[in-house]
> 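What follows is a single structure, and I will ask about it in a moment.
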Amino acid sequence: MNALVSTTKVYRFCAGHRLFRADWSDERNWETFGPCGYPESHGHNYTLEVTVRGVPDASTGWVVPPNSLDHAVEEHVMERFDHRHLNTRLKLEYGAVPTTEVLVKELWDILVDTIAPPAKLYRLKVAETAKNTFEYWGTPLGSRSS
Amino acid sequence: MSQYRPVYISRRVEFSAAHRYHNPEWSSEKNRAVFGACNSPFGHGHNYELEVTVAGDIDPDTGMVLNLRDIDAILQKEIVQRLDHRHLNEELPEWRERNPTTENLVVDIWNRVEPHLAHPNARLHRVRLYESPTLYSEYYGERASDS
């Protein structure tokens, strides 16, 4: 069988952050970020969906062994971000502020090479809250047609 | 857009509304047969959930594609205030003569919301409407090609 299948595992972690720019005035910070910029910081129960894609292995039936995915996420995501403050843990190379847009792209960079080949990382989805979600398809295989 | 792949950001809002499925050109028997309980003359209701997804580049100054607070304000003004706690067929002219199915609603919502989300570095990507947790329609702004 050579069907291309996607499998998603859901992980949860808790982290704090504060959305603000030290080089902006209080007024500009409030206008842009509102309560997300309160100086005491706040936090979220983040949900991370990791979607891998490939042809299921003929002998196991898996796209990737689920515990290999668990180990990759534990080592590279949980250890780094769970119960931590994102402002100090993110590289902030895609944006100056630790928004979930910036988080999802940095998580892609962290995880993309940890997936056991021949499967590939296809999509990451991070839910900051039940109402705010962020998705990223980082490679041409995973690009959505517009 | 830039050389970066876009990030897709989504905001969910809720509204509750009543509707009824009925085709006045059909007999009551045919309406009942096709629409079943959804044809009841008094209508029935749903707790809808609307999820709107925008695709774009991260603004490096703010870390955001668009401010979700602004997206929420657009959805509240254009959709929730219009539909929440209404009987769609009875109270809204656009649904007097067309069934407010999830499919028809999602296209109407796209058309209402899309002009407000035009931005140099972001675009409306998808509108998804949950009639219930187990039934949703989504629309990407596509049209079927001419045959």
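Residue numbers begin at 1 in each chain, while the letters A, B, ... track the order of the sequences. Source: prediction; values computed, not measured. Values below: all heavy atoms of this structure, side chains included; hydrogens, waters and symmetry mates excluded.
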> Name the region of Val104(A), side chain, backbone, both or neither, that has any atom closer than 4.5 Å to a heavy atom of chain B.
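When you check distances to chain B, only side chain atoms of Val104(A) fall under 4.5 Å.
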
> So which part of Trp24(A) gets closer than 4.5 Å to some heavy atom of chain B, the side chain, the backbone, both or neither?
side chain

> Is Ala130(A) close to chain B through its backbone or its side chain, or both, or neither, when contacts mean heavy atoms under 4.5 Å?
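Interface part for Ala130(A): backbone (N, CA, C, O).
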
> Checking heavy atoms, do the side chain of Glu14(B), its backbone, both or neither come under 4.5 Å from chain A?
neither

> Should Lys131(A) and Glu49(B) be marked as a salt bridge (Lys or Arg N to Asp or Glu O under 4.0 Å) after you check the CA-CA gap, both sets of side-chain angles, and the distance that decides it?
CA-CA 10 Å; Lys131(A) 293 183 183 178; Glu49(B) 289 202 20; over 6 Å; no

> Counting distance only, does the side-chain N/O of Glu101(A) pair as donor-acceptor with the main-chain N or O of Val65(B) below 3.5 Å?
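Confirmed, Glu101(A) side chain pairs with Val65(B) backbone.
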
> To the nearest 0.5 angstrom, please state how far the OH atom of Tyr8(B) sits from the OH atom of Tyr136(A).
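Tyr8(B) atom OH to Tyr136(A) atom OH measures 10.0 Å (nearest 0.5 Å).
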
> To the nearest 0.5 Å, what is the distance between OG (Ser10(B)) and CD (Glu128(A))?
12.0 Å

> Please determine, among Asp23(A), Leu92(A), Thr32(A), the option with the most heavy-atom pairs under 4.5 Å with chain B.
Thr32(A)

> Determine which residues belonging to residues 15-47 of chain B lie within contact range of chain A, meaning some heavy atom pair is under 4.5 Å apart, and list them by number or answer 'none'.
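Those residues of residues 15-47 of chain B which would need a heavy atom under 4.5 Å from chain A do not exist here.
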
> Quick one, Val7(B) and Glu135(A) - any side-chain contact, counting heavy atoms below 4.5 Å?
no

> Can you tell if the side chain of Asp61(B) reaches within under 4.5 Å of the side chain of Arg21(A), non-hydrogen atoms only?
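Side chain of Asp61(B) against side chain of Arg21(A), heavy atoms only: contact under 4.5 Å found.
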
> With side-chain contact (heavy atoms from CB on, under 4.5 Å) as the test, would you mind laying out the steps for Arg5(B) and Trp137(A) before giving the verdict?
CA-CA 7 Å; Arg5(B) 305 210 146 265; Trp137(A) 286 262; 5.9 Å; no

> Select one option (side chain, backbone, both, neither) describing which atoms of Ile9(B) are under 4.5 Å from chain A's heavy atoms.
both

> Indicate if Val64(A) and Ile110(A) have the same hydrophobic cluster label, given that clusters are the connected sets of ILVMFWY residues with side-chain heavy-atom separations under 4.5 angstrom.
yes

> So, taking the atom named CZ in Arg69(B) and the one named CZ in Phe33(A), what distance separates them when rounded to the nearest 0.5 Å?
9.5 Å

> With chain A, which of Asp59(B), Asn67(B), Thr62(B) has the greatest number of heavy-atom pairs at distances under 4.5 Å?
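Option with the top pair count is Thr62(B).
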
> To the nearest 0.5 Å, what is the distance between SG (Cys36(A)) and CG (Leu68(B))?
9.0 Å

> Please round to the nearest 0.5 Å and tell me the distance separating atom CZ of Arg11(B) and atom OG1 of Thr129(A).
6.0 Å

> I need the Arg12(B) CZ to Thr133(A) OG1 distance, nearest 0.5 Å.
7.0 Å

